[in-house]
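Shown next, in C-alpha cells, is the structure this report addresses.
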Amino acid sequence: MLSPSSVIPEPRRGGGNHFVVNGSDGLAYRLAEQLTQRYGADVVLLMTPEQLSGARDFGELPRVRVLLVDRVDERALREADLEHALGLALTVQDDVGNIHIALRARDIVPDLRLVVRMYNSNLGRGIEALLGNAKVLSDAEIAAPALVAIALDEVNAAPVPVAGRTLVVARRHAVVPADVVCGLVDTTSPGAAVDLLPADPARADLVLAENRETTSVADTVNAVARRVTRRARRWRLRAVVDTVKSLVSRQFRLAVSTTLVVLAVAGFFFARGAHVRSVWDGIYLTAVNAFGGPELSPELPGRQQVLQLVIALAGLALVPLVTAMVVEGTVNARLAVAQGRLRLPTEGHIVLVGLGNVGTRAMRMLYDRGVPVLAIDVNEQARGVALARELGIPLIIGDASRESTLRSANVQQCRALMTLASNDVINLEAALHGRNLQPQLRVLVRLFDGDLAARVRKTFSIRFTRSVSYLAAPAFAEAMMEREVIGTISVERRVLLVAEVVVGAGSPLDGARLGDADTPGAVRVIALAEFGEPRPLWQPADNRVLHARDRLTVVASRDGLSGLMTQVVAAGAATV
C-alpha cells in the first residue's frame, strides 16, 4: 500500500517515476521494496545471469521490472532508461565494480543521484566527494554495532555525531539527566511490542544522550594498546595450556600425568629411605634410576628395592609416552596451522559464524574492544579469513551447521553465539545446535525473512533475530530520496533514523510552531538550527516559531520521516 505522505524527488528531464537498482541480494530486495511500496516509485532492477542464480524473488514486488543483462555496462544503463531515472543504487558486494559502474553512470547523466554500497568506508568517503551528488554507504558499518551490542548484552553503542556533539543510545539510569537529549523507547510497556518515541519522554527507559567522554585519537590508540597488552599478559600462560590441550589427546595427557605421579611418589619415598641430604639430591637420585637404569644395590632393604624397580618401570614407560605425545602434538599443530585452528579459547568467548562483510566488521569490533572471539567460516577465501589470521584471532574453517564444528569451538562454555552467515538455513541450524550444547546460551541469528524470524522467536525461544538488510535498507532508501540521514538506531527488528530536514518556503511548517513537527511514536525534534545561526539550539521549546530554511534534527521512524517531509517540502514539490 502506498503511503499518502511519501515525497519523491522531482522527475528529471520530463522523465518517468523510476529508480535503477543494480543488485540481487537481500539489501537490493529491501531497497526495491521500500522504493516501490513506501515511496510509490517504479524500480528497474539490473541483474546479470550470475547474480540471478542466487537472487531473491523480486517477482513478489509490484512495480519492479527485472532487466537481465550480460554485464552492467553503458548499454545496459541506457536500456534501463538511466537518462530519465530519479537515481541509481549500486548494491552489489563489489567495491571496485560499483565504482566502475558509478563512473559510467556519471558519464551518461552528470547530475544523477548515486547511492553506492562499499565495504571500505574510508575509501567511500573520498569517492563520495569526487562523484558529486552521491552517497556512499556500508551496510556492514550500519548493522555491525547493533549486532555486537546484542551479543554483549549492551545497548546499541554506535555513536551518532550531530552538530559537534556525539550522541549514544543508553539506559536512562546509566546517564546524567542533564545529558539526555531524547527519550527513545519504553521497553516496559505491557505487550510484546516496544513503545517507540512515547508521548511522555520520561517513560522511555532507553534514551539518546550526549557522550561527554571525548578523547584524542592518540589517547584512544594508547588505551587500546594498553588493553591488548594487559590481555596478552593475563592470557599468556593460559594460552599455552589451552594450546597443549587442543593438540594432544586426553588419553595421552592422562597416561603421561599418571606416570609422572607414580614417578614422583615413588621417588619421594625412595629418596626419603636413602637419607639424601637435599631436595636436589633426591631429584637427581630418582632421575638416574628412572632414565639411566637402576644400579644393583643388594644391601638396600626390600622396600627400597621395590621402589627402585617402580621408578625404573615408570621411567621406561614415560619415554615412549612423551615421544608419542610430541609426535601427535607436532602433527596436530601442522594440521591446525593449515586449517587455522590454533589457540582456540575454552570459555567466556564469542563464537562468530560467517566472515562475510558483516561478520568481518563485527569480528574487528569485538577484537578492538578486547573481547575474546573465535570465528568460523566454511570458505577459506571469505573476506574475514585473512584478517583473522593477521590479528591472531582463532579461526575454524568448517561447516558451522554441524554440531561437531561447534563443539570444537567450545560453544559449551562460550559467552554468546553470533550466526552472521548470508544463508538463513546455516544460521538457524548453527543456532539450534548451539542451544543444544548450552541451553542458556545467548544466541543472535541473522535471518532475512521477517515471518521466519517471528516464528523462530516464538517456537525456539531464540529472542534475538536480526536482518542486516532490514537494518541498512532505510539509510539507503533515504539516501536515494536525497535526505540527510545522520545515523540509524536499531530497536528489536525496527529502525529509528536520525536525520536533518530543511523547512521549505511556503511549506506547512513555514510559520508553524515547532511542536507541530513532533508526532508521538513517529517524530521527535531534538535540535533546531535557525537560518543564519551557526550553532543549533538543542531541545528547543515547542512554541518556537519555524521559518523557511530552518534546519531540524529529528529522531523518527521511517513512516514518521516520510510524513515530516510532506510538512517541510516547499510548495510545488512532487508528492504521491
Do the side chain of S507 and the main chain of V503 share a donor and acceptor less than 3.5 angstrom apart?
no
Side-chain heavy-atom pair V169, V207 within 4.5 angstrom cut-off:
no
Tell me which pairs pass salt bridge (Lys or Arg N to Asp or Glu O under 4.0 Å) where either residue lies in residues 123-140, with sequence neighbours left out.
R117-D139
Determine whether D153 and R442 satisfy the following criterion, salt bridge (Lys or Arg N to Asp or Glu O under 4.0 Å), listing intermediate values before the conclusion.
CA-CA 9 Å; D153 194 17; R442 187 177 185 84; 3.2 Å; yes
Could you walk me through whether R113 and E482 pass the salt bridge (Lys or Arg N to Asp or Glu O under 4.0 Å) check?
CA-CA 8 Å; R113 177 63 172 177; E482 302 185 32; 5.0 Å; no
Are the ring centres of Y39 and F19 closer than 6.0 Å?
no
dist L46:CG -> T91:OG1 (nearest 0.5 Å) comes out at 10.5 Å
Would you say D57 has more than 12 foreign heavy atoms packed within less than 6.0 Å of its CG?
yes
Check whether H433 reaches the backbone of S401 with its side chain - one donor and one acceptor, N or O, closer than 3.5 Å.
yes
Could you tell me if the side chain of V501 sits less than 4.5 Å from the side chain of L561, heavy atoms only?
yes
What I'd like to find out is whether the side chain of R361 reaches to under 4.5 Å of the side chain of S138, using heavy atoms alone.
yes
Close side-chain approach of V525 to T553, heavy-atom, < 4.5 Å
no
Once you round to the nearest 0.5 Å, how far does CE of M418 lie from CG of L352?
5.0 Å
If we ignore hydrogens and angles and just use 3.5 Å, is the side chain of D510 paired with the main-chain N or O of A505 as donor and acceptor?
no
Test log, rule salt bridge (Lys or Arg N to Asp or Glu O under 4.0 Å), inputs E403 and R407:
CA-CA 6 Å; E403 185 174 313; R407 284 186 180 276; 3.1 Å; yes
For R78, is there an ion pair with E74 - N to carboxylate O distance below 4.0 angstrom?
yes
Please check: side-chain N/O of Q567 versus main-chain N/O of A517, any donor-acceptor pairing under 3.5 Å?
no
If you measure from the Lys or Arg side-chain nitrogens to the Asp or Glu carboxylate oxygens, is any gap between R56 and D25 under 4.0 Å?
no
Residues in side-chain hydrogen bond (donor to acceptor under 3.5 Å, both in side chains) contact with D424, at least two apart in sequence or another chain
none
Answer whether the closest heavy-atom distance between the side chains of T419 and L444 falls below 4.5 Å.
no
Return the orientation label for the Y29 and F58 ring planes: parallel under 30°, perpendicular over 60°, tilted otherwise.
tilted
Axial cation check for F460 ring with R435, 6.0 Å and 45° limits
no
Pairwise salt bridge (Lys or Arg N to Asp or Glu O under 4.0 Å) hits with a residue in residues 87-108, at least two apart
none
Working to the nearest 0.5 Å, report the span between CG of D111 and CG of N133.
7.0 Å
Using a 4.5 Å cut-off on heavy atoms from C-beta on, say whether the side chain of E500 contacts that of L552.
no
Q93 and N357: CA distance, side-chain angles, deciding distance, side chain to side chain donor-acceptor pair (under 3.5 Å) verdict:
CA-CA 8 Å; Q93 292 189 28; N357 287 354; 3.1 Å; yes
Charged N to carboxylate O below 4.0 Å: is that the case for E380 and R389?
yes
C414 versus V351: any side-chain heavy-atom pair under 4.5 Å?
yes
Using side-chain heavy atoms (C-beta onward) and a distance below 4.5 Å, is V358 in contact with R446?
yes
Flag yes if more than 12 heavy atoms outside Q412 fall under 6.0 Å of its CD atom; otherwise flag no.
yes
Geometric cation-pi criterion, R457 with F464: 6.0 Å, 45°
no
Does a salt bridge link D42 with R65, judged by any charged N lying under 4.0 Å from a carboxylate O?
no
